Amino acid sequence: MPAPSPGRRDPMRLSRYFLPTLKENPAEAQIVSHRLMLRAGLVRQASAGIYSWLPLGFRVLKRIEQIVREEMDAAGCHEVLMPTIQSADLWIKSGRYNDYGKEMLRIRDRHDREMLYGPTNEELITEIFRSEVRSYRQLPRNLYHIQWKFRDEVRPRFGVMRGREFLMKDGYSFDVDFESARKSYDAMFVAYLKTFRRMGLTPIPMRADAGPIGGDLSHEFQIVAETGESAVFYDTDLVELIEQGELDADRLKSLYAATDDKHDPKTCPVPPERLGTARGIEVGHIFYFGTKYAEPLGATVTDADGNQVPIHGGSYGIGVSRLVGAIIEAGHDDAGIVWPESVAPFKVGLINLKADDPATTAAADGIYDRLRGSGVPVLYDDRDERAGAKFADMDLIGLPWQLTVGPRGLKGGVVELKRRAGGERNELSIDAALARLCG
RNA sequence: CGGAGUGUAGCUCAGCCUGGUAGAGCACCGCCUUCGGGAGGCGGGGGCCGGUGGUUCGAAUCCACUCACUCCGACCA
């Protein structure tokens with residue numbers, strides 16, 4: 001009987017992890033985030049625009065989701081979970097069952113009832129609210145959920161950035177009148193900026209069309225990335241304020257930002273020296289839609305004067321799965337992904353350069369145990385691979401810190417600590433390296 | 001939904017035009033030599049050539065249909 005390997009119950013050793021990396025670029029992937037997500041073993045395509053999330057990608061998805069959750073909760077929202085499958089009834093009532101067209105995936109159950117895989121949840125959340133809320137005293141409220149959506153895009157592309165199935169945070173505010181609704185809207189406006197900033201991104205809020213959801217107060221949040229889908233134009237003062245963390249909704253909304261379809265150089269109010277241009281990826285969109293759903297669905301409350309008034313609603317979306325791609329678009333180099341620490345699947349990648357050398361392995365194992373003991377998320381490359389392959393894989397998956405333990409360094413009592421972003425390397429004693437990583 | 005492509009080993013691709021019994025590199029398994037940025041040698045495993053039908057003595061190859069995937073355009077978190 002062979003002795004059980006030390007990694008048998010220890011899933012964060014790469015020798016036991018499920019991380020299928022690819023050395024070559026898959027032919028199906030055109031843009032850099034899609035290529036890197038496949039190469040780094042984050043996702044695999046199940047069918048067009050539909051992906052399975054593998055362990056490393058799933059960890060990133062969960063971290064992004066968690067940041068969104070924390071910021072929504074901090075802004076006074078309440079998390080719920082609505083189903084993916086909805087009855088067509090409410091959609092027929094709201095009039096959107098026809099409006100949505102072929103984008104909506106329609107299905108029938110065994111009783112031949114019309115169902116659909118939800119592309120969004122305004123109807124359902126309004127129905128929940130309508131059934132339970134009677135008085136303006138119960139307002140305002142803001143409910144959100146983080147759930148898979150399906151929109152049957154004619155042409156899915158760019159990997160998870162424009163899939164058919166996608167994970168989205170969609171939130172809904174309910175207010176008694178416009179003034180109150182505007183406050184709810186502004187609170188989300190600020191919460192969104194905070195949320196994206198926590199992910200290492202620079203969000204630019206732009207005035208937007210309300211689109212098929214309807215309404216007249218709407219912003220989309222674009223993040224800057226070289227490979228962004230659309231060109232964006234903005235007052236550089238706006239970006240500066242956001243980068244400085246000055247997140248006053250009124251102040252920011254007064255500054256110019258527009259996507260290329262809206263931007264007209266002839267009428268642009270920003271002087272040329274302050275007009276920034278970049279490519280942008282839309283990662284969030286907020287709407288005030290007023291009584292658009294409350295009226296057809298009969299969602300009313302009694303106001304302070306005793307009148308029945310329809311609820312004023314807003315909806316607020318964040319593309320959680322899209323953000324994984326967008327963050328990679330914003331952070332990568334020739335060698336692979338460069339994760340911001342806040343969403344990285346692990347903080348540290350520990351490399352044992354010579355797994356068949358007892359002294360090196362003993363040192364690396366010890367470091368691994370101490371990192372884990374300190375609660376530092378670490379992925380330990382204990383595989384019996386060549387150094388080059390290990391370095392290449394570690395760069396590819398983009399963990400913020402790489403700690404390399406090899407026989408050469410150990411002779412001098414040092415290990416090498418490399419920062420993935422920028423590539424800075426330092427030789428340090430084991431204690432000094434641990435102190436830096438555990439701090 | 002219009003237009004254009006591609007389906008051959010896990011991945012990247014050759015072979016197809018000009019029909020004759022399936023190939024390369026990487027990956028995988030074994031051994032040897034290596035060992036600090038994706039090494040080298042020897043040996044090995046792996047394919048209903050996307051599917052169906054047709055032409056033919058014979059089809060990865062020619063024809064028809066079909067399915068899947070990708071790209072460009074119009075639309076979208």
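Below, chains carry the letters A, B, ... as their sequence lines are ordered, and counting in each starts from 1. Computed from a predicted structure; not experimentally measured. Heavy-atom basis, side chains included; hydrogens, waters and symmetry copies ignored.
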Not counting sequence neighbours, which residues clear side chain to side chain contact (heavy atoms under 4.5 Å, CB included) with [X]? List them please.
| X | result |
| --- | --- |
| A:Glu226 | none |
| A:Asp393 | A:Thr21, A:Arg383, A:Leu396 |
| A:Lys262 | A:Asp209, A:Ala258, A:Thr259 |
| A:Ala364 | A:Asn352, A:Tyr380, A:Val405 |

Please list, by residue number, the residues of residues 398-423 of chain A whose heavy atoms come closer than 4.0 Å to an atom of RNA chain B; answer none if no residue qualifies. A:Thr404, A:Gly406, A:Pro407, A:Arg408, A:Gly409, A:Glu416, A:Lys418

Going by number, which of residues 24-53 of chain A have a non-hydrogen atom under 4.0 Å from RNA chain B? A:Glu24, A:Asn25, A:Pro26, A:Ala27, A:Glu28, A:Gln30, A:Arg39, A:Gln45, A:Ser47, A:Ala48

Listed partners of A:Glu229 passing salt bridge (charged side-chain N to carboxylate O under 4.0 Å, His left out), at least two apart: none

Inter-nucleotide P distance (B:A24, B:C65), Å rounded: 35 Å

Among side-chain atoms of A:Asp170 and A:Tyr172, is any donor-acceptor pair under 3.5 angstrom? yes

To the nearest angstrom, how far is A:Arg164 atom CZ from B:A68 atom C1'? 11 Å

Test side-chain hydrogen bond (donor to acceptor under 3.5 Å, both in side chains) applied to [X] - qualifying residues, sequence neighbours left out:
| X | value |
| --- | --- |
| A:His332 | none |
| A:Asp73 | A:Tyr144 |
| A:Glu114 | A:Tyr97 |
| A:Gln402 | A:Asp395 |

What pairs of nitrogen or oxygen atoms, one from the protein and one from nucleotides 30-34 of chain B, lie under 3.5 Å apart?
unit_1: B:U34; atom_1: O2; unit_2: A:Arg386; atom_2: NH1; d: 2.7

